[in-house]
Structure formats: structure tokens, C-alpha cells
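Before any comments, here is the structure.
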Number of protein chains: 2
Amino acid sequence: MFLSTVTNSLDAKGRVSVPADFRATISETPSKSPFDGIVVWPSLDGNYLEGGGISLLEDFQNSLDQREHYDAERSALQYMIFASSRQLAFDGGGRVSLPKDLHEYAGLNGKVTFVGLGRRFEIWSPKALEDRKDGLLALARESRHLLKTVKPGEGS
Amino acid sequence: MFLSTVTNSLDAKGRVSVPADFRATISETPSKSPFDGIVVWPSLDGNYLEGGGISLLEDFQNSLDQREHYDAERSALQYMIFASSRQLAFDGGGRVSLPKDLHEYAGLNGKVTFVGLGRRFEIWSPKALEDRKDGLLALARESRHLLKTVKPGEGS
DNA sequence: TGGGATAACATGGGATTTTATGGGATACAA
DNA sequence: TTGTATCCCATAAAATCCCATGTTATCCCA
């Protein structure tokens with residue numbers, strides 16, 4: 001499970017350390033693929049990146065498999081997620097290098113913030129994230145009741 | 001189940017013993033993750049921390065999964081809980097080290113009080129907890145007067 | 001039931017390992 | 001070659017492990 005928010009630095013070669021906890025989460029999660037790294041794609045929702053382990057994409061695949069082959073939504077998601085995502089392998093020190101286009105899409109420079117969201121995570125420019133957070137806090141206060149309805153032990 | 005209230009000390013390295021009963025509760029509760037420790041996040045309600053075992057977050061996850069991916073409320077809660085929580089692993093003696101920012105958020109210094117609340121627990125500065133208790137007591141006193149004035153059968 | 005023996009717990013501090021990060025060397029492609 | 005990507009090693013800071021100790025709680029048997 002991806003938890004917490006961590007800011008690391010992006011070096012001159014475009015490399016950034018993936019937080020150790022995130023790496024642990026990825027290696028703990030079983031997957032059919034032996035790929036050792038993360039998968040990242042530009043968000044559909046704004047100028048930031050989304051990512052996860054390879055198993056997350058496998059889950060998306062399974063979810064899409066339950067739809068009709070030419071279902072419009074299926075095609076759209078395939079294009080937006082699968083086609084635009086990149087596999088970024090860890091180097092010996094647990095870093096990945098972010099391709100320049102993703103770089104620019106998220107407006108990163110110098111610092112990179114990883115935001116853990118459970119099954120997946122987001123990658124933000126610290127400054128952009130700051131702006132977004134303020135709005136979410138108020139909404140979160142109002143939405144708390146949603147969590148109180150959780151029943152223990154439910155789900156897979 | 002997290003029960004009772006225990007105060008332990010925070011050492012120079014920022015470590016604090018998690019009450020043995022709490023540790024037992026955590027190891028008894030089944031979870032998908034092999035993580036051995038607690039998960040802690042700043043409360044939305046005041047300057048104290050909330051926490052539980054990793055299974056509590058897994059339950060939150062399942063609850064949020066029932067909403068659309070880009071649902072605003074879902075995003076808000078993901079940010080406030082998942083993104084702001086930390087996984088704190090037990091050391092050999094059943095302690096965790098509290099990151100400095102959580103430290104400061106809860107105004108801890110020297111002593112830490114764990115308050116068991118069933119499925120989760122809270123972490124308070126003993127002094128702050130004292131103050132809240134006083135507040136609740138005062139409120140209770142006022143409420144008692146209110147109750148007297150609305151006793152059935154008493155005319156106004 | 002008393003009271004010594006034993007185990008569990010909270011806590012301190014030094015030693016060791018992990019992490020994040022920089023930079024050189026090497027392989028690859030255009 | 002020239003630019004780009006990958007591998008490898010170095011290092012400082014931080015997190016974690018491990019052992020020691022006093023204290024409290026629990027056990028056990030006469």
C-alpha cells in the first residue's frame with residue numbers, strides 16, 4: 001500500500017529516488033511480470049503524473065477485460081493509460097529516470113513529490129501540489145462520514 | 001481491539017514504545033500486508049494524531065474503491081488519509097519513531113498518551129488531552145442544566 | 001496465600017545498515 | 001563522434017538493529 005508524501009530531488013541526469021516505502025510496497029505485491037520498477041503516465045485530471053507497480057496495470061487490464069471489445073470507454077482508457085504509460089526501471093540505488101516529456105507535463109524542476117494514495121501514487125511538482133491541497137482539505141472535512149461507514153473485514 | 005489509555009515517554013531519538021496491548025491487537029488482526037507496525041496520521045479534528053494497524057487503512061481502501069476514480073470526495077479523503085499517513089515499523093523492543101512533523105503537529109514533548117478507541121487509537125500530548133477533558137467536563141456541566149430545564153412535565 | 005523466581009515491558013545508548021544523492025565510467029544509438 | 005542512457009562506486013545523513021538495564025507484572029509452588 002502506497003502511503004505518505006515524500007519529496008525527493010531530481011538530479012541533473014533526470015533521476016529521482018523512489019521512496020523506500022514505495023519500493024517495498026512494489027516488491028511485496030505479487031505480479032506476473034518480473035519487471036522491477038514503476039509504471040508512470042500523465043494524469044487525465046491535471047498536470048501531474050500517476051503511477052504504481054506493474055501489478056496495478058495488470059489490475060486495470062483485468063477490469064477492462066470485463067467490458068465489450070469495442071466499448072468506447074475501453075478504447076479511451078486503453079489509449080490514455082496503457083499507450084501513454086512508461087515503465088521506469090530502478091537503478092542500483094532505487095532511482096528511476098523520468099523522461100523529459102513527463103517531466104515537462106508535470107512542470108517538474110529540481111524537486112519531485114510522491115503522494116501515496118493506496119493502490120497507486122501521484123507525482124507532483126511541490127508547488128503545484130501545494131495549490132491543490134488547500135481545496136481538498138475543506139472537502140475532506142465534509143466527506144469524513146464516508147469513512148465511518150466502513151465495515152470491518154469487508155472486501156477482498 | 002484498542003483499549004485503555006497509556007502514557008509512555010518519547011526519547012531523544014524520537015522513539016516511543018507502543019503499548020504492549022496495542023501491539024498484540026495489531027498482530028492478531030489479519031492483513032494482506034506483512035507490515036509489522038502502526039499507521040499514523042494527523043487528525044482532521046485537532047492537534048493530535050490518529051492511528052491503527054495497516055488493516056484499518058485496507059478497510060478505508062475498500063470503502064473508497066466503491067467510488068469513481070476521479071470522484072472529488074474520494075480524492076479528498078485519499079489525500080487527507082493515505083497521503084498524510086506514515087507507516088511506522090516496530091523496532092526490536094516494540095517502539096516506533098515518530099517523524100518530527102507529526103511530533104510538532106501534536107505538540108508532543110517528552111510524554112505521549114495513547115488512547116484506545118476500539119478499531120483505532122489516538123495519540124495526544126498528555127497536556128492537550130487534559131485540556132480536552134476539562135472542556136468536555138465543563139460542557140457536560142452546562143448540559144446538565146439544560147437537561148433540568150427540559151424535564152417532561154415541568155412547566156415554563 | 002505468601003513470597004521468591006521468572007518473564008514481560010519500557011527505555012537508554014552504541015553499532016550497523018539503509019537511504020538519498022552525486023559523479024565517473026561504460027555501453028548504446030543516431 | 002556526440003548525445004543519451006545505464007551501471008557502478010562513494011558518501012553523508014538518517015533510520016534501524018541489537019544489547020543492556022531497571023522496573024513492573026505474572027507465575028508457581030510450598
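So you know, we letter chains A, B, ... as the sequences are listed, proteins then strands, and number each from 1. Here the structure is a predicted model, which means the values were calculated and not measured.
By the 30° and 60° cut-offs, the orientation of the rings of A:Phe22 relative to A:Phe121 is tilted.
Cluster membership for A:Leu139 and A:Leu137, using ILVMFWY side-chain heavy atoms within less than 4.5 angstrom, is not shared. Note on B:Val112 and B:Phe90: same hydrophobic cluster, where clusters join Ile, Leu, Val, Met, Phe, Trp and Tyr whose side-chain heavy atoms are under 4.5 Å apart, directly or indirectly.
Sorted by residue number, the members of residues 1-23 of chain A with any non-hydrogen atom under 4.0 Å from DNA chain C read A:Asn8, A:Ser9, A:Asp11, A:Lys13, A:Arg15, A:Ser17, A:Val18, A:Pro19, A:Ala20, A:Arg23.
Across all strands shown, B:Gly93 has heavy atoms under 4.0 Å from base atoms, whether or not it also approaches the sugar-phosphate.
Mapped onto DNA chain D by nearest heavy atom, A:Lys100 and A:Arg95 fall at different nucleotides, with A:Lys100 at the one closer to the 5' end.
Side-chain atoms of B:Ser33 come within 3.5 Å of backbone N or O of B:Phe35 as a donor-acceptor pair.
Side-chain contact, B:Thr7 with B:Thr113: a donor N or O sits under 3.5 Å from an acceptor N or O.
Between the CZ atom of B:Arg86 and the P atom of D:dA15 there is a distance of 10 Å, given to the nearest Å. Atom CG in A:Asp91 sits about 12 Å away from atom C1' in C:dG22, given to the nearest Å.
For D:dA30, the paired nucleotide is C:dT1, the pair qualifying as Watson-Crick or G-U wobble because both relevant distances are below 3.5 Å.
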Could you write out each protein N or O paired with an N or O of nucleotides 5-7 of chain C at a distance under 3.5 Å?
none

